[in-house]
Number of protein chains: 2
Amino acid sequence: TIETRNIDKIYQNGGEDLKVLDNINLKVYEGSFIAILGPSGSGKSTLMNILGCLDVPSRGEYYLDGINVLDANDNELAQIRNQNIGFVFQQFNLLPKMNAIQNVMLPLLYRGISEAECSQKAVDALNRLGLGDRLRHRPQQLSGGQQQRVAIARAIITNPNLVLADEPTGNLDSKSSQEVMKIFHELNRKGHTIVVITHDQEVAEEIGEIIYIRDGKLYEN
Amino acid sequence: TIETRNIDKIYQNGGEDLKVLDNINLKVYEGSFIAILGPSGSGKSTLMNILGCLDVPSRGEYYLDGINVLDANDNELAQIRNQNIGFVFQQFNLLPKMNAIQNVMLPLLYRGISEAECSQKAVDALNRLGLGDRLRHRPQQLSGGQQQRVAIARAIITNPNLVLADEPTGNLDSKSSQEVMKIFHELNRKGHTIVVITHDQEVAEEIGEIIYIRDGKLYEN
Ligand SMILES: Nc1ncnc2c1ncn2[C@@H]1O[C@H](COP(=O)(O)OP(=O)(O)OP(=O)(O)O)[C@@H](O)[C@H]1O
Ligand SMILES: Nc1ncnc2c1ncn2[C@@H]1O[C@H](COP(=O)(O)OP(=O)(O)OP(=O)(O)O)[C@@H](O)[C@H]1O
Ligand SMILES: [Mg+2]
Ligand SMILES: [Mg+2]
């Protein structure tokens with residue numbers, strides 16, 4: 001379960017304070033599937049980075065499965081992230097010198113799983129996403145949509161309790177988008193919690209539970 | 001006018017040849033507005049990079065306003081690009097150490113225009129794209145959609161004859177997308193040639209003339 005209490009995020013740019021999240025109180029129960037919608041620049045990625053333990057709020061509290069995330073140290077945070085959370089970044093963040101398989105198997109290698117097993121699971125995940133013929137391509141040898149699908153494969157490879165996906169279908173044609181959403185629905189049916197940021201109305205409608213952000217404030221559906 | 005003749009693009013990865021563009025014959029007349037659609041990995045960005053004189057084909061010829069682009073040297077190519085073409089990259093390619101204004105004014109500085117005039121034009125373009133309150137933000141201080149709009153402002157700042165936009169609305173909410181398309185329609189009404197790659201059905205339908213790519217081959221609408 002995700003629970004935030006009175007979360008603000010303020011950036012300080014040379015004297016000027018910019019509040020981009022304003023008093024966010026969000027509760028997401030285990031096993032739910034929610035969409036976050038909002039205009040460009042409204043604070044979606046900023047909120048997602050905090051939920052993913054990649055950034056800290058300026059004020060407020062965040063509890064992930066009862067753990068007070070803001071009290072945890074860096075090692076504990078890395079552990080929470082690697083054990084619980086799969087993250088699809090808006091700009092992919094793939095490692096440029098590694099090929100598709102190597103990028104996807106990385107989260108499993110961190111858990112100490114054997115290289116042979118990691119590689120097999122990575123190949124399986126990439127095949128599910130239609131990239132069986134691009135396994136040894138590095139990010140700059142892949143199209144935008146292919147890179148996005150590698151990023152999605154990496155996010156789901158550890159079968160995480162919580163998947164946070166920031167515009168996972170932004171660079172994908174409708175057929176590839178449907179494949180990705182199918183995978184998220186399958187994970188959700190198995191009890192995984194899925195949070196998706198999207199601008200795609202079709203994707204939002206099929207998810208059901210929608211939360212809106214506008215100028216850093218949350219509005220429930 | 002754009003005219004390609006029998007263009008192939010082949011990547012050589014370790015002994016294996018991968019043909020990603022196959023015998024492309026495309027003619028785009030001055031002042032037209034066309035959309036290019038196709039599945040992820042089908043060759044859209046590869047074709048666009050060749051049209052934008054950023055990459056060369058493995059075989060075939062390319063004539064831009066009658067100039068045989070493949071005979072031109074690097075200096076001539078840079079001149080053709082800077083004088084004629086505005087490019088919106090799929091992954092923005094903004095300069096990380098420069099702020100929004102500096103990124104947008106760069107193409108004009110290359111033409112030897114005074115810094116004061118460049119800066120004013122850049123501010124105007126950014127205001128048109130709804131970024132008047134983010135002028136001094138660097139790319140990592142902007143959201144995905146805001147970065148995309150900076151990239152669009154940079155592409156149109158020189159009022160180029162030819163605008164090549166690779167998924168210009170991929171990271172934008174519907175209101176921002178409509179703003180961008182409005183600007184492209186305005187440029188097109190003034191006689192500029194606009195080529196847009198998109199996965200967004202709504203964007204493609206409003207453009208009218210659609211070209212499809214599948215497995216590196218072109219199919220006219
Ligand atoms: N340097 C490279 N080496 C080998 N293959 C490459 C290289 N760059 C691109 N490719 C391949 O070329 C094909 C076409 O890529 P391109 O980027 O043109 O696709 P696209 O139609 O733009 O797709 P998307 O909608 O996902 O952006 C892809 O299958 C990709 O894997
Ligand atoms: N380092 C920073 N310094 C200052 N402002 C920032 C910084 N990073 C982001 N911002 C601002 O925070 C706001 C929220 O950004 P965020 O990336 O969360 O938006 P978003 O809702 O994800 O938008 P998009 O749909 O365009 O991706 C934006 O207005 C942006 O300009
Ligand atoms: Mg974002
Ligand atoms: Mg592309």
Side-chain angles (χ1 to χ4, degrees), chain A residues 11-14 16 18 20 37-49 89-92 94 99 129-131 133-150 166-167 169-177 179-180 197-202 204 212-214, chain B residues 11-14 16 18 20 37-49 89-92 94 99 129-131 133-150 166-167 169-177 179-180 197-202 204 212-214:
Chain A
Y11 288 109
Q12 279 150 346
N13 280 350
E16 190 202 316
L18 187 68
V20 298
L37 260 67
S40 168
S42 55
K44 301 183 297 295
S45 294
T46 305
L47 175 59
M48 196 77 128
N49 289 337
F89 296 93
Q90 189 170 2
Q91 303 203 4
F92 318 144
L94 299 176
N99 67 28
L129 285 149
L131 290 173
D133 58 352
R134 295 289 184 268
L135 299 176
R136 292 185 205 296
H137 284 233
R138 289 191 307 285
Q140 68 272 24
Q141 299 175 321
L142 294 169
S143 78
Q146 290 169 338
Q147 288 179 47
Q148 186 153 46
R149 283 180 280 156
V150 171
D166 194 344
E167 311 243 19
T169 62
N171 281 289
L172 298 181
D173 57 284
S174 52
K175 188 162 151 283
S176 304
S177 297
E179 286 301 320
V180 167
I197 293 177
T198 184
H199 288 309
D200 187 335
Q201 282 301 338
E202 261 176 54
Y212 293 90
I213 282 194
R214 180 170 286 285
Chain B
Y11 288 110
Q12 280 151 346
N13 280 342
E16 184 202 321
L18 188 68
V20 297
L37 259 66
S40 169
S42 55
K44 302 182 298 294
S45 295
T46 304
L47 175 59
M48 195 77 124
N49 289 337
F89 297 92
Q90 189 169 3
Q91 305 209 7
F92 317 146
L94 298 176
N99 67 28
L129 285 150
L131 290 173
D133 59 349
R134 295 290 184 267
L135 298 176
R136 291 183 209 296
H137 284 232
R138 289 190 307 286
Q140 69 271 24
Q141 298 175 318
L142 295 169
S143 77
Q146 290 170 336
Q147 289 179 45
Q148 186 153 44
R149 282 180 281 158
V150 172
D166 194 345
E167 310 242 22
T169 63
N171 281 291
L172 298 180
D173 56 286
S174 54
K175 190 163 149 283
S176 304
S177 297
E179 286 302 321
V180 168
I197 292 177
T198 184
H199 289 308
D200 187 333
Q201 282 301 337
E202 255 174 60
Y212 294 90
I213 283 195
R214 182 169 284 285

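Proteins get letters first, then strands, A, B, ... in listed order; numbering begins at 1 in each. Everything numeric here is computed off the predicted structure, so don't read it as measured data.
Looking at B/Leu18, the atoms closer than 4.5 Å to chain A (heavy atoms on both sides) all sit in the side chain, from C-beta outward. Of the atoms belonging to A/Gln148, not a single heavy atom falls under 4.5 Å from chain B. When heavy atoms are compared at a cutoff of 4.5 Å, B/Arg136 does not approach chain A at all. For a residue to count as touching a neighbouring chain, one of its non-hydrogen atoms must lie under 4.5 Å from one of that chain's; by this rule B/Gln201 does not touch chain A. In this structure, chain B has a heavy atom under 4.5 Å from the side chain of A/Ser176, while its backbone stays farther away. Only the side chain of B/Gln91 has a heavy atom closer than 4.5 Å to any heavy atom of chain A. For B/Ser174, no part sits under 4.5 Å from any heavy atom of chain A, backbone or side chain.
Residues satisfying the ring-ring contact (aromatic ring centres under 6.0 Å, His included) criterion with A/Phe92, sequence neighbours excluded, are absent altogether. Considering only residues two or more places apart in sequence or on other chains, A/Asn13 meets the side chain to side chain contact (heavy atoms under 4.5 Å, CB included) condition with B/His137, B/Gln141.
Remark: the backbone N or O of B/Ser40 is paired with a side-chain donor or acceptor of A/Asp173 at under 3.5 angstrom. Using a distance-only test at 3.5 Å, with no hydrogens or angles considered, a donor-acceptor pair links the side chain of B/His199 to the main chain of A/Asn171.
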